[in-house]
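Below: the structure, in structure tokens.
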Amino acid sequence: MTTEGPRFSEGTLAEYRALLTRYPQRRAALMPTLWLAQREFGWLSLPVMEYVATLMELPLAWVTSVASFYTMYWKEPKGRWHIQLCRNLPCALRGAGAIQVAVERRLGIGDGERTADGRFSLEEVECLASCGTAPVLQVNNTEYHENLTVARALELIERLASP
Amino acid sequence: MCLVDIEKSPKLQIACNTRVADGMVVHTTSEKTKAAQRAVLEFLLVNHPIDCPVCDQAGECKLQEYYMDYDRQRSRIPLPEKVHKKKAKPIGPLVILDQERCILCSRCVRFVDEVTHTSELAFYQRGDHVELDLAPGKVLDNPYSGNVVDICPVGTLTNRDFRFRARVWYLERTPSVCGACANGCNIEIYHREGRIFRFQPRKNSDVNQYWMCDAGRMSYRDLQGEGRLLNPFVRRGSEFVRATWESALGQVAGRLGDLARTHGPGAVGIIVSAQAANEEVFLLRRLAARLEARLAGIAWSPPDADHDDFLIKGDKNPNTRGLALQGLTSDAGEILTAAARGDLRALVLHRVDVTRWCDEIAARAALERVPCLVVLDGQQRETVEYADAVLPIASYAESEGTFTNHAGRVQRFQAAVVPPGEARPGWQVLGGLLALLTGEAAPPSAEMAFQALARESAAFRGLSYATLGETGAPAPLVS
């Protein structure tokens, strides 16, 4: 394995090794391993996918192919804060449209785009599975913001924008 | 496409995975079945560009055939609304990719995963955006890449060499055997008006399954390139003059006969390469017996010849085993040494490039010293410069015969195209020489020459062109 380029930290490597024990074939561990890689490196660049292919001893085509299938594997860099806005019916009925317009205007970017300073990126997503607290957005695959209004959404943006 | 209408079954069933049962009544042409087939085809064609007029697969395209057989309706999707993908993208030395035509059958993906284990190809994206592609920065350059073109049912993967050179329905096909190495992959030669357009593998479970290597596939070019010998030539004094076959054969037979008679056993040397067919080797053995000549075989391969544990053999000769089964020794070097010493009155070279395939200094010394040099070959070689007579002979694509592959399997090849110029099949030329020397009738065909071989040689006993068929049979001594 090359010494340059992306490499898992010791902790992530341990997680990877634990993953392997869960599947009869190594190929089956590809998806969770890509997920680890995305967490570790922020997004799945070609060097990252090459690293995963080498690590797992799988053909690069298998790795890049799987990564291309799923939108939740990010094939381009996202912002420091990646904001996912639900575009499904319950959120829409509770005002998600207005929230999206306000957020887009505040950040000056649209769906699938990233701000020039790399701080924010926006993405419309399907149901985030919290219709009871609609409208909902998610930041960085880790935190939910529920029962939103335009004001509360913009407040959140301001908080994330301050260094 | 295999949906069928089974009585008492509420829905159509897939024929490929439904077991036959007692009393089952299956309708394959009912209106229900036809409607389902039409629907499947319409689905397959939803995003297809329908560019058959400019598609190289046209004429051998499964999708085109199925469309004509089962669909024949206009697309409901106007062309501008179809999903467009990359077209005419070279993905390797031999293969070019058109993603729009792909029906996502994944045969090529399975081939590179399961046969070559190289896994260059995969599907990318999803839904109607799915496209066949390589991993970024990769190339489809494994030694068997051309096979993906053969198994692609549509015009997604086409051959860069063959593309746009001919419409397949104008081409004729002749079953043959690849001569590029000792494996003897079964092939079909596609040709038209004396020109060969491509080799494609022909199924033989005992030899090559459905495949052939890229080097073999492209070797058709060596058979019709520059440098073919076109006319018989004989040396008259210091001049090299074109001769008729009758005159050239007469002169060669007369000269060899005289020398053998005058100088006794061992005055004539014959060297044959493993490029020669079994029939030629057999006739050369008879010639050697008649002339009491020394006879040796040679199987030369380039020092860097590649090989693997699948189809590619390091021995780049199609008939090395055939030479051995006919008892030929490989002491060509001794014959050359004898010639260089002046112990040889005549030397016959049959499909042998001695200056390249043997020790060059010994070979040149032999060629310079020997009083009578007869060259039988298809290719212009350096030996021709020393020759007293040159007899141009046909390649294996231009004549009939058999090769014995590395495993001792005897396989037929057939004449696909006519030899260039006045060149003649090797068996015919050797038969003619023999007839002149012995007064016996020449074998009227390669088949009759093989029959004589099978009668005379234990290694080939019981075999005939009929028993060999199109896929060959093991030589009795081998099996």
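Every chain is numbered from 1 and lettered A, B, ... according to where its sequence line falls, protein lines coming before strand lines.
- Between A/Y73 and A/Y70, the two ring planes are perpendicular [angle over 60°; tilted spans 30° to 60°].
- Interface residue A/L60: backbone and side-chain heavy atoms are both found under 4.5 Å from chain B.
- B/T18 and B/Q13 share no side-chain donor-acceptor pair at under 3.5 Å.
- Between chain A and the options B/V112, B/V109, B/D113, B/D133, the largest number of non-hydrogen pairs under 4.5 Å is found for B/D113.
- The candidate with the highest count of non-hydrogen atom pairs below 4.5 Å against chain B, out of A/A67, A/A61, A/P59, is A/A61.
- Judged by a 6.0 Å distance limit and a 45° cone about the ring axis, B/R217 is not positioned over the six-membered ring of B/F199.
- In this model, a donor atom of one side chain and an acceptor atom of the other lie less than 3.5 Å apart for B/N142 and B/E120.
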